[in-house]
Amino acid sequence: MMQRGKFIVFEGIDGSGKSTQVKLLTERLKAENHSVYQTFEPTNSPIGSLIRNMLYGRIEGDEKTLAALYLADRLDHIQNTTNGMLKYLEGGKHVISDRYYFSSYAYHVPHVSLDWVVEANRICAELLRPDLIVFIDISTETSLERLTKGRSELDKFENYERISVVRKNYFEAFKRFEGIENVVLIDGNRSFEAVAEDIWNLVSPLLTE
Ligand code: ADP
Ligand code: TYD
């Protein structure tokens with residue numbers, strides 16, 4: 001029987017280096033002949049596009065509507081029969097996702113309560129719980145420095161107050177799920193290579209289990 005792939009999630013505040021590290025890890029795994037599917041949330045499905053349009057103010061949407069849309073996007077991301085994550089995992093591929101439900105725990109509080117987001121996402125946890133969640137931790141200052149350097153357009157979440165709250169919310173959520181979710185913190189205030197090496201040392205033993 002085909003062995004199910006592992007599901008690895010990257011989390012962190014904006015600019016923490018998630019996309020960079022997801023890409024580096026995927027390339028290294030492929031170079032070692034692992035079968036890998038790289039993905040992200042919000043996705044590029046119609047629901048994900050709607051979310052991005054709201055983030056950039058092209059379509060009106062309040063925080064509660066957004067919270068519900070992220071959940072819908074995630075359910076589709078898990079279950080879609082064409083390109084859903086379960087399909088790849090069951091086909092033996094490892095799946096690496098830039099963000100998953102801890103992003104909802106971190107970004108939607110206090111607009112909705114943590115209890116609500118956790119309860120709403122229970123269906124996702126039951127369908128697909130990550131084998132490993134890598135949290136790349138950087139300071140709020142580093143986050144803003146990196147974001148202003150890299151882009152011309154900042155989305156409506158990208159300011160000091162908001163990012164500090166998000167970082168605090170992540171830690172609260174990790175405490176709540178201690179012993180339930182496999183979260184590993186990585187210090188992201190270091191070079192690309194140092195961060196990548198720590199991630200490799202975490203992930204490679206997991207994939208050969
Ligand atoms: P995220 O996906 O978490 O928002 P990115 O990987 O897009 O983060 O990185 C945000 C910015 O920070 C990019 O310009 C990237 O080149 C830079 N960056 C990422 N990791 C590091 C690092 N370890 N040191 C310095 N700059 C970094
Ligand atoms: P992302 O595409 O990772 O950001 P970037 O544009 O920096 O690459 O995510 C877009 C935004 O969506 C980001 O600010 C975090 C937010 N988000 C939520 O609010 N809730 C969620 O459930 C997810 C997955 C993301």
Side-chain angles (χ1 to χ4, degrees), residues 9-27 38-45 47-58 61-78 85 96-112 114 116-118 120-121 123-125 128 130 133-167 169-170 173 185-200:
V9 170
F10 281 71
E11 292 283 357
I13 60 176
D14 299 74
S16 56
K18 293 180 305 310
S19 335
T20 306
Q21 295 298 334
V22 163
K23 186 163 166 274
L24 290 173
L25 177 64
T26 304
E27 280 165 4
Q38 183 189 332
T39 183
F40 53 88
E41 292 185 4
T43 69
N44 52 10
S45 76
I47 306 171
S49 307
L50 183 55
I51 290 172
R52 286 183 201 281
N53 278 321
M54 287 185 179
L55 287 183
Y56 289 104
R58 293 187 283 256
D62 66 58
E63 302 283 358
K64 294 181 177 65
T65 308
L66 268 167
L69 283 175
Y70 278 108
L71 174 65
D73 187 42
R74 182 162 304 125
L75 284 167
D76 182 59
H77 192 203
I78 296 169
M85 295 191 287
I96 302 180
S97 182
D98 186 341
R99 298 192 182 281
Y100 195 51
Y101 45 60
F102 272 92
S103 286
S104 289
Y105 306 156
Y107 284 83
H108 305 320
V109 177
H111 311 287
V112 291
L114 180 58
W116 185 88
V117 199
V118 167
N121 275 278
I123 185 168
C124 302
L128 180 57
I133 298 162
V134 179
F135 179 73
I136 307 181
D137 189 29
I138 58 162
S139 65
T140 305
E141 287 78 7
T142 307
S143 164
L144 279 170
E145 259 166 46
R146 289 186 189 169
L147 290 179
T148 40
K149 220 182 273 173
R151 269 184 282 157
S152 57
E153 196 182 4
L154 293 188
D155 75 37
K156 68 183 195 183
F157 290 130
E158 293 168 344
N159 61 68
Y160 191 91
E161 263 308 297
R162 179 70 179 158
I163 295 172
S164 323
V165 169
V166 168
R167 186 162 177 275
N169 286 345
Y170 263 121
L185 266 60
I186 297 276
D187 177 5
N189 301 289
R190 298 171 300 149
S191 70
F192 293 96
E193 296 80 7
V195 177
E197 204 48 36
D198 276 9
I199 292 170
W200 181 253

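These figures come from a predicted structure and were not determined experimentally. Both ligands and their constituent atoms are indexed starting at 1 by order of listing.
Between the R146 side chain and the G15 main chain, a donor and an acceptor come within less than 3.5 Å of each other.
Ring planes of Y107 and Y170: perpendicular class, angle over 60° (limits at 30 and 60°).
Considering only non-hydrogen atoms, atom 22 (C) of ligand 1 lies nearest to R146 out of E193, K18, R146.
Close N/O approach between V195 and ligand 1 is not found [any backbone or side-chain N/O within under 3.5 Å].
Of the N and O atoms on the side chains of E141 and Y160, at least one donor lies less than 3.5 Å from an acceptor on the other residue.
Counting only heavy atoms from C-beta outward, the side chains of Y100 and M85 approach each other to under 4.5 Å. Within the 4.5 Å cutoff, the side chain of P42 has heavy atoms near those of the R52 side chain.
Under the 4.0 angstrom criterion for non-hydrogen atoms, Q21 is not in contact with ligand 1. Ligand 1 has at least one atom lying under 4.0 Å from a heavy atom of G15. Judged by the shortest distance from any of its heavy atoms, K18 lies outside the 4.0 Å radius around the atoms of ligand 2.
Atoms of ligand 1 lying under 4.0 Å from any heavy atom of R190, numbered from 1 in the order shown and given with element: 22 (C), 23 (N), 24 (N). The distance from ligand 1 to the heavy atoms of T20 drops below 4.0 Å at these ligand atoms: 5 (P), 6 (O), 9 (O), 19 (C).
By the criterion of a heavy-atom distance under 4.0 Å, the side chain of L55, and not its backbone, is placed next to ligand 2. Neither the backbone nor the side chain of K149 has any atom closer than 4.0 Å to an atom of ligand 1 (non-hydrogen atoms only).
Residues D137 and R167 are paired through a salt bridge, judged by an N-O separation under 4.0 Å between the basic side chain and the carboxylate.
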